[in-house]
Each structure stands twice: as structure tokens, then as C-alpha cells.
Engineer: 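First the structure, then my questions, so here it is.
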Amino acid sequence: MAKLLPDLSGEVRRTTGYRREMAVLALLQRSLSDGYVIFHNVEWHSLYEGRDCHGEVDLIVMNFAGDLLLVEVKSGDLALCNGQLMKDYGLRQRDIGTQVRVQYGAMRQLLGKAGLHVTLSNCLVLPDFHLADTPVVSIPRERIFDAEDFPNLPARIENLLPLGVPDTVSERVKAFLSNHLGLVPDVATLQGKIQKTVKGLADGLATWVPRLQAPSRRYRIQATAGSGKTQLAITLLQEASQVGLRTLYVCFNRPLAEQMSRIAPGRPTTFHALCIDYYHQQRQTLDFHDPDMFEQASASYLQYLHTQAANIDLLILDEAQDLQPDWITGLLSMLVPDGRLYMLEDPDQCLYGRPSFEMPDAVRIQCMDNFRSPQLVCHAINAFALSRETVKSKSPWRGDVPTFHVYDGSEEDLLRKTEDAIKEQRSLGIDVAQLAVLSIKGIAHSKLLSLDALAGYATKRFTGEFTAEGQPEWTQGVLLLESVYRFKGQSASAVILTEVDFAKLSRQERAKLFVGMTRGMLSVSLVLSERSAALLAAEMQSK
């Protein structure tokens with residue numbers, strides 16, 4: 001397989017022409033022999049008679065010897081006018097032959113100035129156009145590959161540019177082209193593009209799930225992290241709101257409910273919040289320091305539910321794997337006979353070991369497509385066997401393999417390595433406000449979740465205290481410090497998973513790692529003990 005520079009993650013455009021270009025790129029990467037390197041979207045800038053000239057080469061294929069083949073891809077309909085191939089760009093037409101010649105001349109000039117005397121040739125790929133026997137004056141016919149030639153394109157490319165003999169000049173050519181690629185993107189711009197693209201790609205569940213019709217009107221969506229469950233819930237709530245249906249969205253985590261409250265109609269809430277609200281209505285005193293308080297509140301609320309008439313047309317239960325079966329039963333009693341239920345869950349994120357809720361009449365929808373996590377992070381998740389089934393990476397961002405920062409087991413080294421991970425993420429261009437430091441441990445057992453500062457940044461963290469109304473109290477820092485339990489259902493540009501220390505890679509430990517590693521959209525780092533690193537390495541080697 002050929003190597004791509006840069007990886008596909010750097011570009012997230014979604015035009016038809018770009019998608020066709022990506023199809024050509026994918027075909028060549030998959031089919032060309034090892035040893036070829038494919039550069040794509042190479043911008044060039046040269047001077048001609050004192051004037052600035054700019055352009056972009058779609059693909060450049062390099063062989064072992066450092067020789068280059070420029071590949072121009074033109075999709076869609078073209079026109080032939082007096083032997084000239086023309087491409088319609090709306091308000092004007094462009095002569096493709098002239099464009100190809102200018103690119104060739106500019107690249108030849110740039111290579112010469114760099115002292116790189118390698119063979120340079122070019123070709124034109126028309127994946128949607130049939131030339132037949134029509135003569136083309138501006139470009140030699142043997143350098144044009146149309147729709148009929150497209151299935152054999154890799155062989156044609158290798159015929160034009162044989163693999164050759166390894167030459168040291170190839171590294172200089174690679175460095176030269178890499179400099180023109182701008183391989184270090186602006187992270188602030190990139191994360192906005194990635195977020196927008198991920199949202200667009202992950203709209204699949206939100207598009208087709210609401211169209212399903214089942215006699216039971218019960219739908220159980222078992223989908224992996226980053227598959228678009230949140231977007232599905234928002235779409236369902238919006239559509240129901242527009243036609244005046246009575247809705248209820250219930251999840252397990254308060255931070256997720258608060259996030260949904262900002263972006264979805266209705267009053268998204270948690271089961272515990274419903275219980276506390278009922279307690280307040282009964283004017284009962286709540287002691288949030290009492291470990292049994294929530295159990296007492298839930299028992300009282302469930303008893304109340306069974307005495308009430310159903311009044312909900314659409315019920316969405318998110319994070320259903322973390323809801324107790326009796327909670328689900330109680331909430332179902334609120335649904336009118338012809339109401340719709342959507343249970344959104346991911347068994348791989350079951351952090352509390354809840355038993356599964358049986359619903360034999362529900363239509364079950366499964367999805368293992370992850371649109372959020374970088375491709376190499378998904379590969380690591382699969383290599384560590386953190387999910388029951390293979391997670392399919394659908395993110396446009398390739399990213400990097402998660403970085404391991406191994407500490408010796410002491411609290412001092414844990415702190416040092418966590419701060420090293422923060423500094424590493426900052427050096428990559430991640431804004432501190434877009435970084436989440438997540439502890440595998442809960443507040444009661446964590447060594448870090450009580451810190452007021454990390455790596456010189458004041459921390460934004462839950463203090464463990466609540467207001468009289470049951471609202472959590474937070475510190476006023478900028479660096480988010482949170483437990484993996486509370487951050488489930490949320491995401492950040494970059495995530496540092498810390499205090500990873502276990503003697504056995506149990507199902508619960510896999511779930512915590514899975515939740516933490518699937519929160520980051522651009523980058524993930526792990527701060528873990530020596531024994532945990534060894535267990536993960538052994539798991540990967542056993543594959």
C-alpha cells in the first residue's frame with residue numbers, strides 16, 4: 001500500500017469534486033505497491049516574468065528514486081472545443097490543458113531552484129468522462145485516463161512511473177514537497193472544521209432512525225461512542241416540539257443533561273433530578289451529604305409515578321445502560337399507549353454494572369461507526385479490545401496513536417507525568433480551554449481531582465458540594481479537571497486520561513478506558529502506571 005502525505009485528516013472539504021478526488025486517492029493508495037508515496041493537495045507558488053503564480057496539484061506520486069508524476073483529477077462533465085478540454089466553473093470555463101502545462105512548468109521550476117534534478121511527468125484523470133476517439137490537441141492522449149481507463153488506473157500509473165531503485169534524493173524530494181504541504185495545521189481552525197464535519201457525517205442516525213415504523217413504537221438504539229446518538233435525540237425532540245407533542249428526555253449524567261438543555265427543546269433532565277424535584281415539591285428536606293439520600297428520593301419518586309396517568313408522547317432514555325431497570329420501568333409508565341420510546345445505549349460504556357433491561361418487542365438498531373474519535377485512536381481501542389465488537393472509524397481526522405506517559409506508581413510521578421501530558425498537548429496547539437483532563441477514578445479516590453492547579457493552570461472542577469437546590473458547585477479555573485464517570489456523553493478537542501492504574505483488565509476497566517479514549521476529537525493521551533501499560537501492551541500483542 002502506498003503512503004499518503006499528509007494523511008486525509010488534514011482536509012475536510014465535502015464538495016462533489018473533492019469527494020471524487022478522494023476516490024482516486026483511495027484507489028491509488030490501496031493499489032499502488034509499497035514504496036510509492038502519494039502527496040495530495042500540494043499548493044505551489046512561483047514567479048513568471050515577475051508575476052506571482054499560484055496553484056494546487058491534486059496528487060503527486062513519488063517512486064523510490066524520487067521521480068515524480070503530477071496527477072490532475074477533473075470530475076463531472078467536460079467539454080471539447082477545437083481540441084481543447086474545457087471545464088465549466090459556473091461563471092467561466094478553464095482550459096484544462098493550459099492548467100496542466102502551467103502546473104508542470106511551475107513544479108519543474110521549483111524543483112530546479114531546489115537543486116532536485118529528478119524525472120518529472122504528468123497525467124490527467126477524468127473518472128466521469130468518456131473521450132472515445134475524440135482527438136485532444138492540448139494533452140497527449142496517452143497521458144489522459146478517462147472513465148474507461150479508471151479501473152486500471154493504478155497499473156497505468158505504475159507504467160508511467162515505475163517503482164525504480166531507492167535513491168537518497170527521494171528524502172530530499174519528500175522534505176521539499178512536505179514543506180509545500182504545510183503539515184502543521186492551525187489547531188484552532190482545524191478543530192472547528194473537524195467539529196463541523198463530524199457533526200455532518202454523524203447525522204446518519206438522526207436522518208434514518210426517525211423514519212422507522214414499528215408496531216410496538218419501541219426503538220432500542222445500541223450505538224458506539226461518537227455514532228451520533230446525541231444528534232438523533234436532538235432531532236427527535238425538535239420534530240416532536242414542532243408538532244406539539246409532549247416530550248421527556250432523561251439521561252444518567254447531569255453534565256450531559258445540562259449540555260442537552262442548551263441545544264435541545266424541552267427540559268432535558270436526569271433521573272436523579274426528577275427525583276429531587278419531586279422531593280422539593282413535597283417540601284421534604286434533602287441532605288446531599290447522606291449517601292442514601294438518592295435511593296430514598298428515587299424510591300419515593302417511583303412510587304409516585306405508578307399512581308399517575310400517562311402524559312408523555314415521546315420518551316427518550318439516553319445512557320440507558322447506566323439506568324436501573326426499575327427506573328426504566330417507572331419512566332415507561334409515563335408514556336401514553338401510542339407514545340414512542342427511544343432507548344439510546346452503548347454496552348461498552350456501562351460504568352456501573354447495571355443489569356440489562358429486557359424489551360423483547362423493541363426494534364433493535366446497532367451501529368459501531370465512530371465519527372468523533374481520530375482514526376488511530378479507534379485502532380488503539382480495537383487493539384486493546386476495549387469494545388465487544390470492532391469500532392469502525394469514520395472520522396476525517398487520522399490523528400496519532402494515543403501517547404503513553406507511564407508513571408512509577410508514586411503520587412509525585414503521577415502529578416509530574418500528568419503535567420507533562422498537559423504541556424505536550426499545549427505544544428501541539430491545543431487551547432487549554434479545549435483540553436479535558438479526566439481521571440479514571442471517582443472524586444472520593446482520586447489524587448488529582450481536588451487540585452486547584454495543574455501545569456500552571458487553575459483548574460475548573462466539581463468541588464463535591466451542592467447548593468441548596470441541588471446544583472453542583474464548581475471552581476473558576478480554565479483547565480477542566482473531571483472524572484471519566486461525569487464526562488461520559490461529552491467531548492473535547494483533546495483528552496488526557498489519567499490515574500489509569502489497574503491490576504487486571506476487567507470489563508469495568510475496559511469500559512472506563514473506552515469512555516475516556518472516545519471523548520477526544522483531535523488527540524488522546526494516557527497517564528498510566530507501569531503495570532497498566534504492561535497489561536495493555538500484552539493485550540495488543542495477543543491480537
Side-chain angles (χ1 to χ4, degrees), residues 1-11 21-48 53-74 96-127 136 138-146 149-184 398:
M1 179 182 289
K3 180 179 181 180
L4 296 187
L5 287 177
D7 60 57
L8 292 180
S9 55
E11 290 285 353
E21 182 184 321
M22 289 297 98
V24 174
L25 180 59
L27 172 65
L28 294 182
Q29 184 198 14
R30 184 173 63 248
S31 305
L32 290 182
S33 306
D34 290 344
Y36 284 102
V37 178
I38 307 172
F39 301 84
H40 63 99
N41 305 110
V42 183
E43 295 183 357
W44 56 265
H45 175 202
S46 68
L47 296 175
Y48 177 72
C53 297
H54 298 266
E56 180 182 84
V57 183
D58 292 335
L59 309 174
I60 301 180
V61 183
M62 185 181 78
N63 67 3
F64 265 142
D67 298 326
L68 302 176
L69 175 67
L70 309 183
V71 182
E72 181 66 18
V73 181
K74 294 298 180 187
I96 296 173
T98 300
Q99 182 181 0
V100 169
R101 289 195 300 273
V102 169
Q103 287 180 348
Y104 177 87
M107 189 58 66
R108 170 58 68 195
Q109 180 189 60
L110 292 169
L111 288 168
K113 286 184 176 180
L116 300 170
H117 304 293
V118 296
T119 300
L120 179 68
S121 56
N122 60 355
C123 68
L124 174 64
V125 177
L126 312 175
V136 179
S138 56
I139 306 172
R141 180 63 179 85
E142 59 270 20
R143 293 299 179 90
I144 304 176
F145 305 124
D146 64 3
D149 300 312
F150 187 69
N152 300 315
L153 182 62
R156 302 294 181 92
I157 295 293
E158 292 193 5
N159 184 55
L160 280 180
L161 184 71
L163 190 56
V165 178
D167 192 305
T168 54
V169 74
S170 64
E171 288 302 316
R172 294 171 55 208
V173 174
K174 183 187 296 184
F176 166 78
L177 291 175
S178 296
N179 181 57
H180 282 269
L181 291 170
L183 288 177
V184 182
R398 186 170 186 267

Engineer: Rounded to the nearest 0.5 Å, what's the gap from CG on L110 to CG on L116? Could you check?
Structural biologist: 10.5 Å
Engineer: Taking the basic N atoms (NZ, or NE/NH1/NH2) and the acidic carboxylate oxygens, is any pair closer than 4.0 Å for R141 and D146?
Structural biologist: yes
Engineer: Restricting to non-hydrogen atoms, name the atom on F145 and the atom on L160 that form the minimum distance, rounded to 0.1 Å.
Structural biologist: CZ-CD1, 3.7 Å
Engineer: Nearest 0.5 Å, what's the CD1-CG distance between I157 and L27?
Structural biologist: 9.5 Å
Engineer: Can you check whether F176 reaches L111 side chain to side chain, under 4.5 Å on heavy atoms?
Structural biologist: yes
Engineer: Do H40 and D58 come close enough that some side-chain heavy atom pair is under 4.5 Å?
Structural biologist: no
Engineer: So, for N122 and Y104, which heavy atoms are closest and what is the spacing to 0.1 Å?
Structural biologist: ND2-CB, 3.7 Å
Engineer: List the atom pairs, donor and acceptor, that lie under 3.5 Å between side-chain atoms in residues 162-170 and the rest of the protein, sequence neighbours left out.
Structural biologist:
from : atom 1 : to   : atom 2 : distance (Å)
D167 : OD1    : V169 : N      : 2.9
S170 : OG     : D167 : O      : 2.8

Engineer: When rounded to the nearest 0.5 angstrom, what is the spacing between CE in M62 and NZ in K174?
Structural biologist: 5.5 Å
Engineer: Let me confirm one number: the CZ-CD1 distance from R101 to I96, rounded to the nearest 0.5 Å.
Structural biologist: 11.5 Å
Engineer: So do the side chains of L68 and L177 get within less than 4.5 Å of each other, counting heavy atoms only?
Structural biologist: yes
Engineer: Under 3.5 Å, side chain of Y36 to main-chain N/O of L161, donor-acceptor pair present?
Structural biologist: yes
Engineer: Report yes if the side chains of V61 and E158 come closer than 4.5 Å at any heavy-atom pair, otherwise no.
Structural biologist: no
Engineer: Within the 4.5 Å heavy-atom criterion, are L70 and M107 side-chain neighbours or not?
Structural biologist: yes
Engineer: For S121, check side-chain contact (heavy atoms from CB on, under 4.5 Å) against everything at least two apart and list the hits.
Structural biologist: L69, R143
Engineer: Nearest 0.5 Å, please: how far is CG in L153 from CG in L28?
Structural biologist: 5.0 Å
Engineer: Rounded to the nearest 0.5 Å, what separates atom CD in E72 from atom CD1 in I144?
Structural biologist: 12.0 Å
Engineer: Can you name the residues that form a salt bridge (charged side-chain N to carboxylate O under 4.0 Å, His left out) with R156, not counting sequence neighbours?
Structural biologist: D149
